[in-house]
Amino acid sequence: MKKPVLEVNHLKTHFFTDRGEIPAVDDVSFYINEGEVLGIVGESGCGKSVTSLSVMGLVPNPPGKIVGGEILFRQLSGNNNEEDLVKVSKKRMRQIRGNQIAMIFQEPMTSLDPLFTIGFQIIEVIKNHQRISKKAARTKAIDLIKLVGIPRAEEIVDEYPHQLSGGMRQRVMIAIAMACDPEVLIADEPTTALDVTIQAQILELMKKLNREKGTAIMMITHDLGVVAEMCDRVVVMYAGKVVEEGDVRTILKSPQHPYTQGLIRSLPKMHERESRLYSIPGNVPKPGSITEGCRFAARCDQVFDRCYKEDPELLTLNEGHTCRCFLYQKEGEALHV
Amino acid sequence: MIAYTIRRLLMLIPVLVGMSIVTFAIIHFIPGNPARIILGDQATATAIANLEEQLGLNRPFYVQYFSYVFDLLKGDLGTSLRTNRAISTEIWPHLAATIELTMFAMIFAIIVGVNAGIISAWKQNSWFDYLSMIIALIGVSMPIFWLGLMQQWIFAQELGWLPAFGRGNPRDPVETTTHLYIIDSIINGRTDQLWTSFKHLVLPGIALGTIPMAIIARMTRSSMLEVLRSDYIRTIEAKGSRPLSVIYRHGFKNAVIPVLTVVGLQTGTLLGGAILTETIFSWPGIGRYVYEAIGTRDYPVIQSGILVIAFMFVIINLIVDLLYSYIDPRIKY
């Protein structure tokens, strides 16, 4: 039985703005087992990125703040103790960040400091967490550049970000993230800004690191292709809430929540020629704009009266498969499918 | 970097040629006969002819211009009509006084302004942010003569902490080599004079540095705010770096370019001579030197003063440009 390395329970991250308190992440729970790739899927603005920033302790404050829940992190190497990242000190959080939990971002073009060399930026994270000589750190940086598949590592180490392409910069970001052998790697849409061919390479690289180093990956994406390619389990989010969770086969083959079904129907299919590609009508509601009923009700094609009045609970359909929808609930009990 | 520096230095040549033409033209653009205007209405024809001979005004334009440029290249700025002394020797002590005062004012402005701006951006919307931006706003809008007089009244007159006038004790003059009193006192090993010179710098320096300080603080704040929101700062935080490293090493380095531009412009302006400050604090700087020359129609001095001030401006701009490319590897011309 695999143990969860990261467990998020009832996380609530709210933003306090002039328009009032906005629940960007509203009671979100999930876990990542050691060595597992978890996909977090949803449209833009559904709270995926804020969830990942909450785990990193990087929610911009003000206006954002974690107002409830816990983020339990288990150090599997070492003494196996459990820490709640919501409660740890800033200093402890800095020790964990970049060391045990690392993150790569969506925009490789702007995610590296333009004024420092690639080598400096890799060495910086190593020096933040390890006592190491300048020379050893440089050797390690060159090794990392090689590990992520960048040619001419000895030269690249002294070059600046603007001299590299987007794909190469994302590799550098992965090198920075992997520098201290983290237990969890959070990847926030790591391939969205890249060409398709480069996307495949970057995913392949992350898969390789996951296999070889046993790093658990929290893969945030809106791309179900990426999910099929990479993930073991999937959490589907909508408007700040988890609407469905299950292993990747179940979610892709027999999605239960109307939203997940809609997402999958929106994918173009190789063997069918449709005149129009399906899309879920409407947009993701502004966080905080829906206060009553199911948040997906307005866009749902199977909606009924109750959906507008009550907010459904997360129901367990099968072992490891949960769904937030009244369609599967009868007289207060979960309906098994 | 070296190739860029050389290219940038070569680019100075046309600028310097342009400057020499403009300053040369000053005397010749005076309507009427320059010699008559210098000497006044009652001058005799012989006196005018003598002055024309002395200034070389009776020779053709191009001859005059080239002899002017050759003199400049030799370091000869001409002779003051008022004192009959070589301007090149007369102007340096004034220029040195201005340089010393400007340096002090700018160091004060940069240290206070940059740090206030950085902390304001870091703690945006905190009481520190509001307070320092209000002070900065008052600083920009404060008339220098009023600030100078208030300082003299409080710190020299009432409290007696600091001297109100001059560069040092006239009864114990600094033995001058460079005419920068701070450096001269160090060369002479006179710590007492070093302290005296320093005390004389404080009030005029702060009066002069207040406006640049306020501008630098506001510029640093807005530039830092933009940088601190950027993706790469988030990356650096995600690496577990300390706040000081995030804010100063990465944040400020990225925010420094617009601040540097402002510092360059302000330094150039101050070197042009702050006549108000120099007058209030009896500081024998270049601003007053040129001002007095205007009063006595000492055209060669005015001409040289403008040339020297313009030259300082060009040098400051050169330094700023070189710093840009040193800081940002993407800047290559």
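It should be emphasised that the depicted structure is a prediction, and the values quoted were computed from it without experimental measurement. Quick note: numbers below take in every heavy atom, side chains included, and nothing from hydrogens, waters or symmetry partners. Lettering of chains follows the sequences in order, A, B, ..., and the numbering in each one begins at 1.
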Please classify the contact of [X] with chain B as side chain, backbone, both or neither, using a heavy-atom distance under 4.5 Å.
X: A:I186; answer: neither
X: A:M109; answer: neither
X: A:L58; answer: side chain

Part of B:I236 lying under 4.5 Å from any heavy atom of chain A:
side chain
When you look at CZ of B:F198, are more than 12 heavy atoms from neighbouring residues, nucleotides or ligands closer to it than 6.0 Å?
no
With A:F15 via ring pair (Phe, Tyr, Trp, His ring centres under 6.0 Å) - residues at least two apart:
none
Can you pull every donor-acceptor pair closer than 3.5 Å across chain B and chain A?
unit_1: B:D231; atom_1: OD2; unit_2: A:T110; atom_2: OG1; d: 2.5
unit_1: B:Y232; atom_1: N; unit_2: A:T110; atom_2: O; d: 3.2
unit_1: B:T235; atom_1: OG1; unit_2: A:S111; atom_2: O; d: 2.7
unit_1: B:E237; atom_1: O; unit_2: A:R97; atom_2: NH1; d: 3.4
unit_1: B:A238; atom_1: O; unit_2: A:G98; atom_2: N; d: 3.1
unit_1: B:K239; atom_1: O; unit_2: A:N128; atom_2: ND2; d: 3.3
unit_1: B:K239; atom_1: O; unit_2: A:H129; atom_2: NE2; d: 2.9
unit_1: B:K239; atom_1: NZ; unit_2: A:Q121; atom_2: O; d: 2.8
unit_1: B:K239; atom_1: NZ; unit_2: A:E124; atom_2: OE1; d: 2.9
unit_1: B:S241; atom_1: OG; unit_2: A:N128; atom_2: ND2; d: 2.8
unit_1: B:R249; atom_1: NH1; unit_2: A:E124; atom_2: OE2; d: 3.3
unit_1: B:H250; atom_1: ND1; unit_2: A:D113; atom_2: OD2; d: 2.6
unit_1: B:H250; atom_1: NE2; unit_2: A:E124; atom_2: OE1; d: 3.2
unit_1: B:H250; atom_1: NE2; unit_2: A:E124; atom_2: OE2; d: 2.5
unit_1: B:N254; atom_1: ND2; unit_2: A:D113; atom_2: OD1; d: 2.9
unit_1: B:N254; atom_1: ND2; unit_2: A:D113; atom_2: OD2; d: 3.1

Tightest non-hydrogen contact, residues B:P329 and A:P114, listed as CG-O, 3.6 Å
